[in-house]
Amino acid sequence: MTTRALVLGGGGPVGIAWETGLLAGLAETAADVSHADWILGTSAGSVCGALLATGRTPAQMLEAEFANAARAREAQGASSGKAPDLMPLMAVFARRPPQGDMPVELLRELGQISLNGQTVSEEVFIKGFGPIAEEQPWPEHYACTAVDTASGAFQVWSSETAAPLGRGVASSCSVPAIFPAITIDGRRYMDGGMRSGTNGDLAKAHGKVIIIAVMPPAFAPMMLPRLEAEAAVIRAHGGEALLLVPDAACGEVFGTNLMDSSNREAIARAGFAQGQAEAARVKAFWN
């Protein structure tokens, strides 16, 4: 029997909005992929994946995203409205070799940036995940990714590991210096996107894999070769892989900073429209 995996990549608030809209648009057009045999989330994708795995429908997620967008507008209106600075992280990523895994020394450097960051407390950050932060069993078909800040070791959280769901998802979303590293079983963890924006190669045991990657058009030269390499790993193990990335219309509303929450509603609506447009292709692959 062919098993199906859904891989949801990272991309900050922009990524959550786009992925939520895309999933809802697909489901609205009879191409619902939320009932995958295995869901893997990284960073923003860990939030969307956890919501799906704990029983939220794409339509419910989209409704909640519109509410989140309204709150984000209010919060930014009451503050300076300035999105977080990603330049320190980009400076480290610029030194990543064009091929192969992220070097462990760079992951440790990112870990130090994470530990040195002036952020909200872990408790405040985790509370912001709402229903995900509530005590509940870890869904057996869901996993998310993180990186140990001290060792640079890659970590996959699942029902078989020690992480509570809220802490696991929060650790996967812990962008260094912007959000706090998360303590789990005595160690501190940061965003799984520091290893890869999608970590799609982890789905190599499945027969059909959809990789949803938050790849703004400007990032394509840097991201696409790595995404294709992850898809190649899946195919080398006998599976099929379908890559979904933002279309041109979505790229226009993304903005220049994936951590900028100011345009979430428009991004979610653009994702919804793309999901409807992609439905026939996705349904033909998934079924």
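Fair warning: this is a prediction, and the values are worked out from it, not measured in the lab. No hydrogens, no waters, no symmetry mates; every other heavy atom, side chains included, goes into these values. Each residue takes its place number in the sequence, starting with 1.
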Hey, could you give me the CE/CG distance between Met194 and Asp148, rounded to the nearest 0.5 Å?
14.5 Å
Can you confirm whether the side chains of Glu230 and Thr198 place a donor and an acceptor under 3.5 Å from each other?
yes
Is the Phe179 ring parallel, tilted or perpendicular to the Phe125 ring (thresholds 30°, 60°)?
parallel
Is it true that the side chains of Thr54 and Arg56 contain a donor and an acceptor less than 3.5 Å apart?
yes
Does the side chain of Trp138 pick up a donor-acceptor pair with the side chain of Glu160 at under 3.5 Å?
no
Distance col, row Leu23:CG vs Ile210:CD1, nearest 0.5 angstrom, shows 9.5 Å
So which atom in Trp157 and which in Ala146 form the shortest heavy-atom distance, rounded to 0.1 Å?
NE1-CB, 3.5 Å
Check the surroundings of atom CD in Gln60: do more than 12 heavy atoms from other residues, nucleotides or ligands lie under 6.0 Å from it?
yes
Suppose we screen for side-chain contact (heavy atoms from CB on, under 4.5 Å). Which residues come up paired with Glu109, at least two apart in sequence or across chains?
Val92, Arg95, Leu106
Report yes or no: do Val214 and Phe272 belong to one cluster of Ile/Leu/Val/Met/Phe/Trp/Tyr joined by side chain heavy-atom distances under 4.5 Å?
no
Arg195 meets the salt bridge (Lys or Arg N to Asp or Glu O under 4.0 Å) criterion, sequence neighbours left out, with Asp201
Measure the spacing between OG of Ser159 and NE2 of His141 and express it to the nearest 0.5 Å.
10.5 Å
Work out which heavy atom in Ala17 is nearest to a heavy atom in Glu65; give both atom names and the distance.
CB-OE2, 3.5 Å
Measure from NZ or CZ of Arg269 to the centre of the six-membered ring of Phe66 and say whether it is under 6.0 Å with the direction within 45° of the ring axis.
yes
Give, for atom CD1 of Ile182 and atom CG of Asp191, the distance between the pair rounded to the nearest 0.5 Å.
11.0 Å
Across all chains, not counting sequence neighbours, the side-chain hydrogen bond (donor to acceptor under 3.5 Å, both in side chains) partners of Thr149 are none
Over 60° means perpendicular and under 30° means parallel, so tell me whether Trp38 and His206 are parallel, tilted or perpendicular.
parallel
Ser172 side chain to Ser43 side chain, donor-acceptor N/O pair below 3.5 angstrom
no
